[in-house]
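Below you'll find the structure, written out as structure tokens, and then a few comments.
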Amino acid sequence: MTDKLTKEQRHRCMAAIKGKNTKPELLVRKFLFSLGFRYRLHHPRLPGHPDIVLRKYKTVIFVNGCFWHGHIGCKSYVIPKSNVEFWEKKIQRNKTRDVEVYEKLALMGWHCITIWECQLKPKVRQETLESLVNTLHHIYMKDRRNKDYEIPDENYVVAAAEYTVEYEE
């Protein structure tokens with residue numbers, strides 16, 4: 001089966017899709033801001049330039065398009081019927097790059113959250129955004145939990161400093 005669009009039409013359609021400030025990304029940003037979360041956008045010094053960076057929570061959020069990042073099982077992830085080999089390679093490269101970026105961020109101590117475009121459709125949007133906020137609160141509380149310390153074994157000697165007063169006579 002062939003593509004309904006000509007090669008030039010398909011090229012124009014795909015080239016017109018922007019990578020930053022997309023509608024799904026704006027939905028997440030506005031929701032977080034309305035709840036008092038403050039963030040940076042597309043931080044240039046972090047791998048992958050995450051869509052949203054919450055430094056207080058040591059968390060980055062990627063808002064991924066289902067097609068461009070190959071969301072398996074999603075009805076929005078359909079390879080165009082023309083130039084199939086190109087699109088399969090391109091999407092596989094995106095998926096591989098995503099995994100590499102997540103690994104680098106994790107090694108740097110960052111929590112990574114991915115929100116898929118289909119999770120922001122009107123039917124499930126509120127549930128997704130509430131789940132995001134719950135996850136952020138969980139991360140915040142987990143990172144600030146009291147750390148347990150080990151009690152030394154019985155052979156360990158604890159010495160307290162003694163204050164001595166010397167008198168001159």
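Values below: all heavy atoms of this structure, side chains included; hydrogens, waters and symmetry mates excluded.
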Atom [atom1] in [X], atom [atom2] in [Y]: separation rounded to 0.5 Å?
X: Ile91; Y: Phe67; atom1: CD1; atom2: CZ; result: 4.0 Å
X: Leu136; Y: Met141; atom1: CG; atom2: CE; result: 13.5 Å
X: Asn94; Y: Asn64; atom1: CG; atom2: CG; result: 9.0 Å
X: Thr59; Y: Leu105; atom1: OG1; atom2: CG; result: 10.5 Å
X: Arg55; Y: Tyr39; atom1: CZ; atom2: OH; result: 14.0 Å
X: Ile52; Y: Phe62; atom1: CD1; atom2: CZ; result: 10.5 Å

Q | For Val63 against Glu25, the heavy-atom pair lying closest together | A | CG1-N, 3.8 Å
Q: Report the C-alpha separation of Ile113 and Ile115 in whole Å, then their side-chain angles, then the decisive distance to 0.1 Å, and conclude whether the side-chain contact (heavy atoms from CB on, under 4.5 Å) test is met.
A: CA-CA 7 Å; Ile113 299 174; Ile115 298 177; 4.3 Å; yes
Connected via hydrophobic side-chain network under 4.5 Å: [X] and [Y]:
X: Trp68; Y: Val78; value: no
X: Met108; Y: Val99; value: no
X: Leu26; Y: Val28; value: no
X: Leu32; Y: Ile139; value: yes
X: Val101; Y: Leu107; value: no

Q | Partner residues of Ser76 under the side-chain contact (heavy atoms from CB on, under 4.5 Å) criterion, sequence neighbours left out | A | Cys66, Cys74
Pairwise side-chain contact, [X] with [Y], heavy-atom cut-off 4.5 Å (strictly under):
X: Tyr77; Y: Glu117; value: no
X: Arg29; Y: Leu41; value: yes
X: Ile61; Y: Leu132; value: yes

(Q) Between Thr114 and Tyr102, do the side chains contain a donor N or O and an acceptor N or O under 3.5 Å apart? (A) yes
Q) Can you list every ring-ring contact (aromatic ring centres under 6.0 Å, His included) pair that touches residues 106-134, not counting sequence neighbours? A) His71-Trp116
Q) Any donor and acceptor pair, going by atom type alone, linking the side chain of His43 with main-chain N or O of His49 inside 3.5 Å? A) no
Q) Within the distance-only criterion (no hydrogens, no angle test), does the side chain of Ser131 pair as donor or acceptor with the backbone N or O of Glu127 below 3.5 angstrom? A) no
(Q) Classify the ring geometry of His137 against Tyr57: parallel below 30°, tilted from 30° to 60°, perpendicular beyond 60°. (A) perpendicular
Q) Does NZ or CZ of Arg38 lie under 6.0 Å from the centre of the six-membered ring of Phe33, at an angle within 45° of the ring axis? A) yes
Q: Check the pair Leu120 / Leu129 against side-chain contact (heavy atoms from CB on, under 4.5 Å), numbers first and verdict last.
A: CA-CA 8 Å; Leu120 295 171; Leu129 294 174; 4.0 Å; yes
Q) Can you pull the salt bridge (Lys or Arg N to Asp or Glu O under 4.0 Å) pairs that have at least one residue in residues 84-110, sequence neighbours excluded? A) Glu85-Lys89
